[in-house]
Amino acid sequence: MARSLRFKDVRDIKITLVHPHDHDGIEIVNQIERIGCQVQHLWQANQVINVETEVLIAGIFKENINSIKSQIKNSGNDMTTIAVLDYESPTTLEMAIDLNAVAIISKPVRSFGIFANLVIARWNWNREQKLKKRIHRLERLVSSKTLVNKAVLIIMNTQRLSEDDAYKLIRTQAMSKRTSIKNIAEAIINTEDLLTPK
Amino acid sequence: MVIIPIILCSCISKDLFLPYNGVIYDGGYFKVMVQQIEIAMVVFCRRFYCGIGRYTILKLDRSKDGRLQYKMTNSRSTAKIGLLFSETGATSIVENSQRKGALLAINQINESGGVLGRQLEVLSCDSASDATAFFENANYLLDMECVALFGCYMSSSRKAVLPVVEKRNSLLFYPTLYEGFEFSRNCIYTGASPNQSASVLANFLTRNFKSNYVFVGSDYVFPYEINRIMLDLLTSQGAIVKEEIYIPLNATDDEIIRVVKKVKQLGEVIVFSSVVGDAAITFAREYHAAGFNQELTPVVSLTFSEIDAKETGGKVSNGYIRVAPYFSETANVANKKFVDEFKIQYGPDEAISAETEAAYSQMWIFAEAVERAGSFDFKNIINSISTFTIEAPQGPIQVEKNSQHTYIWPKIAICNEHGKFEIVEESKLRIKPDPYMINYDSAKDVLTDMYSVRGVV
């Protein structure tokens with residue numbers, strides 16, 4: 001796969017940290033600033049995540065998990081989430097998974113690992129986005145393929161044409177009407193009942 | 001020049017000339033600032049006042065084998081032991097008992113000649129059930145040259161101390177049941193892991209009760225995790241868990257009464273309680289006052305111990321079921337000796353629980369490991385710590401090499417009307433710790449084979 005994240009882009013990443021303003025929180029902020037990214041540090045449930053935020057680093061605590069979820073929802077951003085954990089127990093991990101975290105920062109926070117996690121998390125997230133787009137495109141293709149096949153069959157039966165010719169006919173129609181083959185196929189299917197002699 | 005004599009006095013009185021076999025310093029959370037100043041003074045004085053003698057010896061020892069030997073301070077033939085138990089605060093009842101267990105072991109070790117010929121000297125800090133205080137006190141105790149730290153009850157306090165011992169190449173001995181999923185090279189875990197406690201309890205419950213459950217726990221990581229495990233174990237056996245309720249650690253009586261009301265609204269339910277500290281006692285009293293069938297729908301727990309039962313009185317905790325590696329009714333020679341000496345030391349009415357026993361036994365594990373290592377150095381202790389078994393009051397226990405958790409002997413006991421936990425079943429074998437165990441629903445058959453029924457429930 002082609003390089004999907006250039007390192008020089010890392011500094012442009014807009015980050016929001018949701019974590020108490022304690023030693024660990026401050027260490028994360030300092031390290032992000034050393035890396036050269038912009039960071040918004042918030043903790044209160046009523047604070048709002050910046051609209052441009054691309055990466056959310058969230059401290060996972062049972063008592064704040066719901067407020068973080070609503071903060072994410074309210075922001076409406078599609079963000080890469082990194083979880084900050086102090087326990088490795090399954091209940092804590094479940095909360096991290098709940099937030100769709102793609103990387104973990106462990107406590108006590110060390111400066112080492114934050115840059116690496118940021119890069120890997122962002123890269124994985126980019127890859128996921130690309131794959132999602134590709135899946136979406138393929139799904140569309142598959143669904144239009146079924147429609148076109150059905151339309152080709154109708155043309156073959158009504159016009160007594162070969163499969164190739166039927167397809168060419170539909171394609172020519174689409175080109176002359178400046179629309180997609182899928183739309184023409186839909187039109188043919190929808191009007192089949194009217195056109196077939198009873 | 002005026003200041004120096006004052007500093008010297010402080011240094012001498014605190015650090016050098018107090019009796020070594022007693023508690024020489026009791027610090028509290030609010031004394032931390034004072035402690036920090038004292039440390040600075042003591043460190044300064046060592047350099048200044050003891051400069052020639054001690055400092056030179058230290059250098060010689062280092063050049064000999066390349067590492068700092070605590071024996072270098074041969075002007076004092078003691079080794080300092082740091083105790084981190086809350087003497088005040090929400091969980092102080094259990095932690096005070098753990099502290100007594102640790103102190104009894106230290107006294108016995110000192111009477112039998114100490115460790116490597118050195119008497120153990122106790123430095124004890126009250127962290128008042130507060131994680132930040134645990135962090136600061138751990139640093140303080142290591143500044144005071146403690147060779148290892150012993151204590152912590154709640155996971156939050158352990159988590160606060162671990163980075164300190166890791167950074168400073170020291171050891172924490174942790175004598176409490178906890179939620180698992182942890183390993184630190186600098187920690188020895190002598191309490192039970194969930195596979196040695198929760199799975200035993202769930203197995204017992206599914207064999208003996210057909211009922212609905214409600215989980216009530218304190219609001220922190222141990223109850224979350226243990227509830228997740230119990231939920232898996234019980235529901236895989238067809239039980240129904242109606243609700244999980246969490247109580248704040250410093251809950252008011254009103255909050256607890258509200259929880260009791262909520263539980264009563266659920267109908268006939270067994271309460272699985274992982275409420276800890278003072279709230280556990282209030283909850284027990286209020287739940288008793290609300291009335292429930294102690295035989296058909298008892299309160300079951302991994303944490304409610306003899307110590308809590310003593311606080312509530314036997315009437316309240318009658319019928320409570322607990323799984324733990326130790327109960328004071330354990331019948332063996334080592335336990336008789338332990339209980340006798342504990343009661344001589346602290347009075348005949350003093351309650352002893354699994355937490356107390358672990359705090360006691362782990363001190364002996366430490367002493368034996370140091371003897372075998374021939375050194376107080378943490379790396380040497382780690383290497384020797386899993387090489388032997390000690391006769392603990394619960395049975396022969398051993399530290400497992402890879403996880404540094406302990407092989408223990410799970411037991412099931414039911415509290416009688418006098419607040420004594422009568423053992424009804426106990427493991428035939430010592431159970432290996434498995435702190436990262438996840439697949440609890442498949443552990444059922446293994447455990448059934450391991451238990452011998454001693455009484456009828």
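Note on naming: letters A, B, ... go to the chains in the order of the sequence lines (proteins, then strands), and numbering restarts at 1 for each one.
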Checklist entry - With a 4.5 angstrom heavy-atom cut-off, which part of B/Glu225 approaches chain A: side chain, backbone, both or neither? => result both
Item to check | Residues of residues 14-50 of chain A within contact distance of chain B, non-hydrogen under 4.5 Å | outcome: none
Item to check | Interface moiety of B/Tyr220 toward chain A, non-hydrogen atoms closer than 4.5 Å | outcome: neither
Next on the checklist: Using modelled atom types and a 3.5 Å cut-off, is there a donor and acceptor pairing between side-chain atoms of B/Thr252 and backbone atoms of B/Glu255?
Outcome noted: yes
Next on the checklist: For the backbone of A/Tyr87 and the side chain of B/Glu182, can you confirm whether one donor and one acceptor N or O come within less than 3.5 Å of each other?
Outcome noted: no
Checklist entry - Taking 4.0 angstrom as the limit, do A/Lys150 and A/Glu192 come out as a salt bridge? => result no
Checklist entry - With under 30° as parallel and over 60° as perpendicular, where do the rings of B/Phe181 and B/Tyr436 fit, or are they tilted in between? => result perpendicular
Checklist entry - Taking all atoms of both residues into account, what is the closest heavy-atom pair of B/Thr282 and B/Asp253, and its distance? => result CG2-OD1, 3.4 Å
Checklist entry - Is any NZ, NE, NH1 or NH2 atom of the basic residue among A/Asp165 and A/Arg160 found under 4.0 Å from an Asp or Glu carboxylate oxygen of the other? => result no
Checklist entry - Between B/Lys159 and A/Asp86, is there a donor-acceptor pair closer than 3.5 Å when you use the side chain of the first and the backbone of the second? => result yes
Checklist outcome for this item: Scored by heavy-atom pairs under 4.5 Å with chain B, the best of A/Lys107, A/Lys62, A/Glu88, A/Glu63 is A/Lys62
Checklist entry - So, does B/Ser157 use its side chain to make a donor-acceptor pair with the main chain of B/Cys152 at under 3.5 Å? => result no
Checklist outcome for this item: Applying a strict 4.5 Å limit to non-hydrogen atoms, the region of A/Pro108 in contact with chain B is side chain
